[in-house]
Participant: 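Have a look at this one.
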Amino acid sequence: MKNAPQRIPWLWGILTATLFVAILAATTVMTYYGNDDIPILRSFLGYDGGVPAHYHPMIHTVFAWLLYGLTLLFPGVAWFSILQLFLLWFSAAVIVKNFSFAALKSHRPAWAGSLLGLLFLFGFTAYITARVSFTTTAALVGAAAVAQLLGLDCETASNRSLFRGILLSVLLLMACYGLRQVSLLPPLLFWGLGLVFLWFSHFTGKARPARPLWLGLLVFGGGNGTTNGCARHGNPGAAAGRLSSLATGANPAF
């Protein structure tokens with residue numbers, strides 16, 4: 001397993017996720033499912049008020065400013081839809097990548113893990129990929145963050161490689177929070193349990209240094225503090241509502 005190229009699981013993940021989305025696009029109509037996504041899309045396109053929005057109560061301010069900037073650079077493009085489709089595709093790629101990596105680690109071909117990953121995608125994510133809602137998209141991104149964390153090679157990977165893997169998991173978790181704050185709670189719980197599992201199975205009483213884990217937690221805490229600081233700066237009232245909604249499970253938009 002040490003000599004297996006780390007690019008192989010990623011290659012299988014990207015190809016399988018692309019195939020998965022292509023099959024859905026060819027066999028079904030991919031559309032928005034709920035009532036909230038279309039008004040959000042319209043606001044960032046500038047259809048409400050005549051100018052693109054730079055804030056929306058249901059989207060994190062950092063994501064809102066990203067969409068606002070893209071709309072200014074390339075007006076008339078449905079960036080909110082593109083963002084969701086990219087997150088759905090990339091989350092699927094990360095999940096399948098970890099299936100392929102687990103197959104290689106068990107001395108089985110990577111394509112076998114990719115096939116299992118494809119079956120998983122069709123069994124558990126096909127509906128929410130074809131009937132898009134930013135709530136379920138954020139949930140899938142959070143699930144990908146958990147899969148990335150639990151799929152880390154804590155036995156043979158270098159500290160740098162292990163930190164990169166944890167960093168990707170942290171970024172996915174933050175993307176989940178940025179797209180839909182209340183969707184963060186379930187994956188955050190499983191992510192925390194995953195950290196505990198990795199700690200006791202690979203780091204406690206072992207020679208393996210735990211520095212990558214601590215750095216990952218530091219990035220997660222610092223990143224959330226920075227993004228919420230940006231939210232307070234961009235819209236002071238929104239940040240308080242967003243933080244309270246995370247604590248209570250309430251939707252600040254209502």
Side-chain angles (χ1 to χ4, degrees), residues 14 17-94 125 127-142 144-145 168 170-184 223-224 226-243 245-246 251-254:
I14 291 172
T18 303
L19 176 64
F20 169 67
V21 175
I23 292 174
L24 288 181
T27 57
T28 187
V29 177
M30 300 179 68
T31 184
Y32 281 125
Y33 175 76
N35 298 322
D36 296 325
D37 294 82
I38 293 178
I40 296 173
L41 173 64
R42 288 175 56 87
S43 67
F44 286 111
L45 282 171
Y47 291 168
D48 297 334
V51 294
H54 64 273
Y55 164 74
H56 196 281
M58 294 184 179
I59 302 295
H60 196 283
T61 305
V62 172
F63 265 33
W65 277 99
L66 171 64
L67 295 170
Y68 175 68
L70 289 172
T71 303
L72 291 182
L73 291 174
F74 305 98
V77 179
W79 288 111
F80 182 65
S81 299
I82 293 174
L83 174 66
Q84 288 207 67
L85 290 174
F86 171 77
L87 289 175
L88 288 167
W89 170 81
F90 187 71
S91 297
V94 170
T125 73
Y127 184 80
I128 63 174
T129 305
R131 297 294 180 264
V132 181
S133 167
F134 73 120
T135 302
T136 52
T137 298
L140 183 58
V141 175
L168 175 58
V170 167
L171 291 176
L172 286 168
L173 205 60
M174 292 176 64
C176 167
Y177 175 59
L179 187 61
R180 181 65 158 161
Q181 60 269 19
V182 295
S183 295
L184 174 68
N224 275 287
T226 301
T227 54
N228 284 320
C230 293
R232 285 192 294 271
H233 179 75
N235 192 300
R242 183 174 291 109
L243 291 174
S245 72
L246 180 62
N251 188 343
F254 295 100

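The residues of the chain are indexed from 1 along the displayed sequence.
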Participant: Test your reading of the model: is there a side-chain donor-acceptor pair from Ser43 to the backbone of Asp48, 3.5 Å cut-off?
Facilitator: no
Participant: Which is it for Leu172 and Phe90 under the side chain to side chain contact (heavy atoms under 4.5 Å, CB included) test, yes or no, and what are the steps along the way?
Facilitator: CA-CA 10 Å; Leu172 286 168; Phe90 187 71; 3.9 Å; yes
Participant: What's the separation between atom CD1 in Ile23 and atom OG1 in Thr28, rounded to the nearest 0.5 Å?
Facilitator: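 It comes to 12.5 Å.
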Participant: How long is the gap from CZ on Phe63 to CZ on Arg180, to the nearest 0.5 Å?
Facilitator: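 Reported value, rounded in 0.5 Å steps: 14.0 Å.
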Participant: Might you point out which heavy atoms bring Leu88 and Leu140 nearest each other, and give the distance in Å?
Facilitator: CD2-CD2, 3.7 Å
Participant: How long is the span from the CG atom in Leu66 to the OG1 atom in Thr61, to the nearest 0.5 Å?
Facilitator: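 Reported to 0.5 Å precision, the distance equals 12.5 Å.
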Participant: Is there a donor-acceptor pair closer than 3.5 Å between any side-chain N or O of Asp37 and the backbone N or O of Phe134?
Facilitator: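 Side chain of Asp37 to backbone of Phe134, a donor-acceptor pair under 3.5 Å: yes, one is there.
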Participant: Go through it in stages, so that I can follow the logic: the residues are Leu179 and Phe80, the test is side chain to side chain contact (heavy atoms under 4.5 Å, CB included), and I'd like the CA-CA distance, side-chain angles, deciding distance and then a yes or no.
Facilitator: CA-CA 10 Å; Leu179 187 61; Phe80 182 65; 4.1 Å; yes
Participant: If you count the non-hydrogen atoms of other residues, nucleotides and ligands that lie under 6.0 Å from OH in Tyr32, is the total more than 12?
Facilitator: yes
Participant: Do Tyr127 and Thr136 pair up side chain to side chain, a donor and an acceptor below 3.5 Å, judged on atom types alone?
Facilitator: no
Participant: Side chains of Arg131 and Thr31, heavy atoms from C-beta outward: is any pair under 4.5 Å?
Facilitator: yes
Participant: Testing the basics here: between Ala64 and Ile59, what is the closest heavy-atom pair and its distance to 0.1 Å?
Facilitator: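 Smallest interatomic distance, heavy atoms only, reads N-CG2, 4.0 Å.
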Participant: If you round to the nearest 0.5 Å, how far is CG of Leu70 from CH2 of Trp65?
Facilitator: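 Between atom CH2 of Trp65 and atom CG of Leu70 there are 13.0 Å.
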Participant: Between Met30 and Thr129, which heavy-atom pair has the shortest distance, and what is it?
Facilitator: CE-O, 3.3 Å
Participant: Parallel under 30°, tilted from 30 to 60°, perpendicular over 60°: which one fits the rings of Phe44 and His56?
Facilitator: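 Plane angle between 30° and 60°, so tilted.
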Participant: Got a second to check how far Phe20's CZ is from Thr125's OG1, nearest 0.5 Å?
Facilitator: 3.5 Å
Participant: Looking only at heavy atoms, which two atoms of Ala130 and Leu24 are closest? And how far apart?
Facilitator: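 The pair with the smallest heavy-atom distance is N-CD1, 4.4 Å.
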Participant: Rounded to the nearest 0.5 Å, how far does CG of Asp36 lie from OG of Ser133?
Facilitator: 7.5 Å
Participant: State, to 0.1 Å, how close Ile14 and Trp89 come at their nearest heavy-atom pair, and which atoms those are.
Facilitator: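 So the minimum-distance heavy-atom pair works out to CG2-CZ2, 3.7 Å.
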Participant: Taking all non-hydrogen atoms of both residues, which atom of Ala175 and which atom of Val141 are closest, and how far apart?
Facilitator: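 It is CB-CG1, 4.0 Å.
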